[in-house]
Amino acid sequence: MAQFRRVTAVTDLPPGTMKAFEIGHERLVVCHTTEGIYAVADECSHDSAPISEGRLHGDEIICPRHGARFSVKDGSVKAPPALVPIDTYEVRIEGNEILVRLE
């Protein structure tokens, strides 16, 4: 059953930054853009690289190995070589806490 789990505080993740987390069996990256806070799977769909080792550019996360780009909003591919979107997680903000919905 999916439930929201606390990941970090909003104040610990300034705008324009991202941070990787491992919660249970889930590896995810929480990204703070100018448009909001989003969470995506910490795995490039192209070669399984930890995407958290890449960089955040606006609302796109860039894989460090081959430069594939993904939207942090919906996981869609924005630039090859990836062809398959990455998973996203529902995010909720309660006060200063960032919560992510996990299975």
Side-chain angles (χ1 to χ4, degrees):
M1 180 174 178
Q3 63 182 4
F4 282 91
R5 303 268 310 265
R6 181 194 183 276
V7 178
T8 192
V10 174
T11 52
D12 291 337
L13 192 67
T17 66
M18 64 181 183
K19 187 172 182 181
F21 297 92
E22 188 168 340
I23 301 173
H25 299 291
E26 302 283 340
R27 289 183 15 243
L28 56 119
V29 184
V30 178
C31 307
H32 192 168
T33 74
T34 57
E35 297 181 31
I37 296 175
Y38 303 92
V40 297
D42 189 12
E43 184 174 12
C44 178
S45 64
H46 171 248
D47 69 358
S48 301
I51 205 160
S52 60
E53 293 178 8
R55 62 187 174 91
L56 185 63
H57 182 72
D59 67 351
E60 294 181 359
I61 192 165
I62 304 167
C63 181
R65 287 198 187 151
H66 301 109
R69 291 176 175 243
F70 302 90
S71 167
V72 298
K73 294 178 179 180
D74 62 11
S76 62
V77 177
K78 296 300 183 181
L83 301 173
V84 177
I86 57 175
D87 291 335
T88 60
Y89 298 88
E90 185 178 351
V91 174
R92 179 187 296 167
I93 308 298
E94 292 183 359
N96 187 45
E97 303 299 314
I98 298 172
L99 308 172
V100 176
R101 186 177 176 171
L102 301 172
E103 292 297 323

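- To the nearest 0.5 Å, atoms CD (E103) and CD (E26) are separated by 7.5 Å.
- For the salt bridge (charged side-chain N to carboxylate O under 4.0 Å, His left out) condition, the pairs that include at least one residue of residues 31-45, sequence neighbours left out, are E35-K73.
- Sorted by first then second residue, the salt bridge (charged side-chain N to carboxylate O under 4.0 Å, His left out) pairs that include residues 77-88, not counting sequence neighbours, number zero.
- From I93, atom CD1 reaches atom CD1 of I37 across 4.0 Å, with rounding to the nearest 0.5 Å.
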### Task
Walk me through it: do C44 and F70 pass the test side chain to side chain contact (heavy atoms under 4.5 Å, CB included)?
CA-CA 9 Å; C44 178; F70 302 90; 3.9 Å; yes
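- Side-chain contacts under 4.5 Å among hydrophobic residues (ILVMFWY), followed directly or transitively, place F4 together with L99.
- A continuous path of ILVMFWY side-chain contacts below 4.5 Å connects V72 to I86, so both sit in one hydrophobic cluster.
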Report, one line per pair, each donor and acceptor closer than 3.5 Å where one atom sits in a side chain of residues 58-66; sequence neighbours left out.
residue: E60; atom: OE1; partner: R69; partner atom: NH1; Å: 3.1
residue: H66; atom: ND1; partner: H46; partner atom: ND1; Å: 3.4
residue: H66; atom: ND1; partner: D47; partner atom: OD2; Å: 3.1

### Query
How far apart are the C-alpha atoms of T88 and Y38, what are their side-chain angles, what is the distance that settles it, and do they pass the side chain to side chain contact (heavy atoms under 4.5 Å, CB included) test?
CA-CA 8 Å; T88 60; Y38 303 92; over 6 Å; no
### Task
For V29 and L56, run side chain to side chain contact (heavy atoms under 4.5 Å, CB included): C-alpha distance rounded to whole Å, both residues' side-chain angles, the deciding distance at 0.1 Å, then the answer.
CA-CA 11 Å; V29 184; L56 185 63; over 6 Å; no
### Task
Begin from the C-alpha positions of I98 and V91 and carry the test side chain to side chain contact (heavy atoms under 4.5 Å, CB included) through to its verdict.
CA-CA 7 Å; I98 298 172; V91 174; 4.0 Å; yes
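- What you find for L28 and Y89 is that their closest heavy atoms are CB-CE1, 3.7 Å.
- In this structure, the side chains of V100 and I23 stay at 4.5 Å or more apart for every pair of heavy atoms.
- Residues passing the salt bridge (charged side-chain N to carboxylate O under 4.0 Å, His left out) test with E94, sequence neighbours excluded: R92.
- Across every non-hydrogen atom of P85 and S76, the tightest pair is CB-CA, 4.1 Å.
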Side-chain donor/acceptor pairs under 3.5 Å, residues 8-19, sequence neighbours excluded:
residue: T11; atom: OG1; partner: N96; partner atom: ND2; Å: 3.1
residue: T17; atom: OG1; partner: P14; partner atom: O; Å: 2.5

